Amino acid sequence: MEATVAERGQITLPKAVRDALGLVKGTVLKVELDGGRIILRKDVSDAISRVPRAFQAAQRHLDRRRDAGTARPRAPGETPEF
């Protein structure tokens, strides 16, 4: 795969790479130089920072279902629906 450096130093990562690594708009990448190579790494702290938001979104969904009267108690060991 190839990527071309644009006028302002930007590159577009191939879609296959973005999809494989779950890269979306705003994903932070660490840039490292290794001799003549450029290494891009997903910033783990970026992924970790998204976790609380995912739980908050799930909680809001469950709260809306509860408020609408569509939530039901789960049986022991049953997986919640999102």
Side-chain angles (χ1 to χ4, degrees):
M1 288 185 241
E2 292 182 349
T4 302
V5 178
E7 183 178 340
R8 292 178 26 207
Q10 298 170 323
I11 63 169
T12 299
L13 297 173
K15 185 170 180 359
V17 171
R18 295 190 315 263
D19 290 347
L21 296 176
L23 303 178
V24 295
K25 180 180 179 180
T27 300
V28 176
L29 299 175
K30 296 288 186 181
V31 181
E32 301 173 17
L33 292 176
D34 181 18
R37 300 185 315 165
I38 300 169
I39 299 172
L40 300 175
R41 296 185 194 277
K42 255 176 107 168
D43 184 2
V44 176
S45 63
D46 178 61
I48 291 171
S49 73
R50 295 172 192 251
V51 170
R53 287 181 283 191
F55 283 115
Q56 290 170 357
Q59 186 61 54
R60 284 192 303 272
H61 173 76
L62 292 174
D63 290 345
R64 282 193 301 270
R65 286 188 60 189
R66 183 197 61 228
D67 294 344
T70 59
R72 63 175 180 76
R74 291 193 325 254
E78 182 181 0
T79 305
E81 298 174 16
F82 293 104

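Count residues from 1 along the sequence. If you're wondering where the values come from, they're calculated on a predicted model, not measured in any experiment.
In this structure a side-chain-to-backbone donor-acceptor pair under 3.5 Å is present from Lys42 to Leu21. At distances below 3.5 Å, at least one donor-acceptor pair connects side-chain atoms of Arg18 with backbone N or O atoms of Leu13.
A single hydrophobic cluster is seen to contain both Leu23 and Ile38, as judged by linkage of ILVMFWY side chains at heavy-atom distances under 4.5 Å, directly or through other members.
Side-chain atoms of Ile39 and Leu33, non-hydrogen and from C-beta on, never get closer than 4.5 Å to each other. Looking at heavy atoms from C-beta onward, Met1 lies in side-chain contact with Val17 at the 4.5 angstrom threshold. Residues Ile11 and Thr4 are not in side-chain contact: their nearest non-hydrogen atoms beyond the backbone lie 4.5 Å or more apart. Residues Val5 and Gln10 form no side-chain contact, since every pair of their non-hydrogen atoms from C-beta on lies 4.5 Å or further apart.
Distance check, rounded to the nearest 0.5 Å: CG of Leu40 to OG1 of Thr27 gives 12.0 Å.
Under 4.0 Å is where a charged nitrogen must lie from a carboxylate oxygen, and between Arg37 and Asp34 at least one such pair does.
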